[in-house]
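Presented below is the structure to which this report refers.
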Amino acid sequence: MRSLQNSNRKLSLVDNAPEPVRQEGEVKVQVHCASLNPTDADIARGDLDFFIKLARARSNVRTGLEFSGTVLEASPKFPTGTKVVGYTHLMKGPKTHQDVISIPESYIAEMPENMSFVQAASFPLGSQTSLVALRDIARLKSGQSVLILGASGGLGVYAIQIARHMQLSVTGVSGPEGVDLMKQLGSGVVKLDPQPDR
């Protein structure tokens with residue numbers, strides 16, 4: 001099994017890494033795609049070493065938070081062969097920059113049929129962040145209006161689509177390069193950021 005490991009502040013691809021053993025309540029997954037996030041860079045630099053040690057992370061692989069793949073060893077909820085998408089616990093979860101992971105059922109979902117493995121691997125954290133902000137924190141309801149700053153960015157693209165699904169009136173703000181994308185995603189009003197480089 002191959003994995004991306006961090007030693008002496010250098011990431012390296014390691015062959016013949018031991019395959020994880022599935023624990024109770026977990027699903028073993030063949031990883032097809034895994035995203036790269038700013039947090040992965042923080043971890044690679046060692047910025048989170050103290051917290052990872054405190055959390056007693058059990059994996060030598062330190063990077064990778066989101067993934068898509070196929071179930072290798074089933075659980076009651078996910079049969080073998082199921083295409084899944086998921087994310088992992090920031091500090092103590094198994095990281096996704098490896099061929100195979102064993103992950104709790106609660107951190108994965110069946111992959112939507114209309115998504116590729118590449119699309120699905122970039123979906124979990126950005127979409128959930130946007131959903132929680134709009135639905136749970138702002139508690140917006142159908143018919144209300146929402147202003148989304150950075151609407152053509154990593155979170156904004158999800159926020160526009162979720163807001164439209166919630167039947168909100170959306171105003172998106174971005175630099176000039178994001179105008180067409182915001183319109184395509186359903187922003188009813190599009191505004192240019194007067195200070196895109198701030």
Side-chain angles (χ1 to χ4, degrees), residues 25-27 29 31 33-43 47-48 51-52 54-55 57 59 62-69 75 77-78 82-97 101 103-175 178 181-191 193 196 198:
E26 292 184 342
V27 183
V29 177
V31 175
C33 293
S35 68
L36 285 169
N37 288 281
T39 304
D40 294 316
D42 295 339
I43 291 171
D47 295 350
L48 300 176
F51 300 104
I52 291 170
L54 196 63
S59 174
R62 295 291 181 92
T63 58
L65 299 174
E66 302 170 290
F67 73 96
S68 60
S75 71
K77 189 174 176 183
F78 296 98
T82 303
K83 294 178 181 179
V84 294
V85 57
Y87 65 97
T88 186
H89 189 282
L90 177 62
M91 293 300 163
K92 60 185 177 182
K95 297 304 178 258
T96 63
H97 291 160
I101 62 172
I103 189 162
E105 281 186 331
S106 59
Y107 282 80
I108 65 172
E110 194 167 337
M111 198 172 96
E113 289 183 8
N114 62 344
M115 278 189 175
S116 69
F117 284 113
V118 172
Q119 292 168 328
S122 65
F123 180 73
L125 294 176
S127 61
Q128 284 193 69
T129 300
S130 297
L131 176 64
V132 167
L134 295 169
R135 183 193 64 192
D136 302 337
I137 297 173
R139 297 183 183 178
L140 295 171
K141 304 293 182 194
S142 175
Q144 291 184 304
S145 297
V146 61
L147 172 67
I148 301 173
L149 303 177
S152 63
L155 296 179
V157 295
Y158 293 117
I160 290 175
Q161 295 172 84
I162 292 168
R164 295 298 297 150
H165 182 74
M166 293 172 66
Q167 299 180 340
L168 302 172
S169 175
V170 179
T171 298
V173 178
S174 83
L181 177 60
M182 290 190 296
K183 289 178 181 176
Q184 290 170 13
L185 294 175
S187 180
V189 179
V190 174
K191 295 190 179 275
D193 186 342
R198 64 182 167 208

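Start at 1 with the first residue, then count along the sequence. Computation of the quantities below employed the complete heavy-atom set of this structure, encompassing side-chain atoms and omitting hydrogens, waters and symmetry-equivalent molecules. Worth saying up front: this structure is predicted, and the values here are computed from it rather than measured.
- Residues V85 and P124 have side chains in contact (heavy-atom distance under 4.5 Å, counting atoms from C-beta outward).
- The side-chain heavy atoms of V84 and V27, taken from C-beta on, include no pair separated by under 4.5 Å.
- The one candidate from D40, T88, I101 that meets the side-chain contact (heavy atoms from CB on, under 4.5 Å) condition with K95 is T88.
- For the pair T96 (side chain) and E66 (backbone), a donor-acceptor distance under 3.5 Å is present.
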Checklist entry - Taking it one step at a time, do S35 and N37 satisfy side-chain hydrogen bond (donor to acceptor under 3.5 Å, both in side chains)? => result CA-CA 6 Å; S35 68; N37 288 281; 3.1 Å; yes
Which side-chain N or O atoms in residues 159-170 pair as donor and acceptor under 3.5 Å with protein atoms at least two apart or in another chain?
unit_1: Q161; atom_1: NE2; unit_2: V157; atom_2: O; d: 2.8
unit_1: R164; atom_1: NE; unit_2: G186; atom_2: O; d: 3.1
unit_1: R164; atom_1: NH1; unit_2: L168; atom_2: O; d: 3.3
unit_1: Q167; atom_1: OE1; unit_2: S142; atom_2: OG; d: 3.0

Checklist entry - Checking side chain to side chain contact (heavy atoms under 4.5 Å, CB included) for the pair I103/F67: CA distance, chi angles, key distance, verdict? => result CA-CA 11 Å; I103 189 162; F67 73 96; 3.7 Å; yes
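- Looking only at side-chain heavy atoms (C-beta outward), Y158 and Q128 stay at 4.5 Å or farther from each other.
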Next on the checklist: Apply side chain to side chain contact (heavy atoms under 4.5 Å, CB included) to residues L65 and L125 and explain how you reach the verdict.
Outcome noted: CA-CA 8 Å; L65 299 174; L125 294 176; 3.8 Å; yes
Checklist entry - Going through the checks in order, is the side chain to side chain contact (heavy atoms under 4.5 Å, CB included) test met by V132 and I137? => result CA-CA 6 Å; V132 167; I137 297 173; 4.1 Å; yes
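- Here the CG-OG distance, from L181 to S187, works out to 10.0 Å after rounding to the nearest 0.5 Å.
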When the side chains of residues 104-115 are checked against the rest of the protein, which donor-acceptor pairs come out under 3.5 Å, sequence neighbours left out?
unit_1: E105; atom_1: OE2; unit_2: S75; atom_2: OG; d: 2.4
unit_1: E105; atom_1: OE2; unit_2: K77; atom_2: N; d: 3.3

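- Looking at L36 and H97, their side chains come closer than 4.5 Å, going by heavy atoms from C-beta outward.
- Contact between A151 and G172 at its shortest, heavy atoms only, is CB-CA, 3.8 Å.
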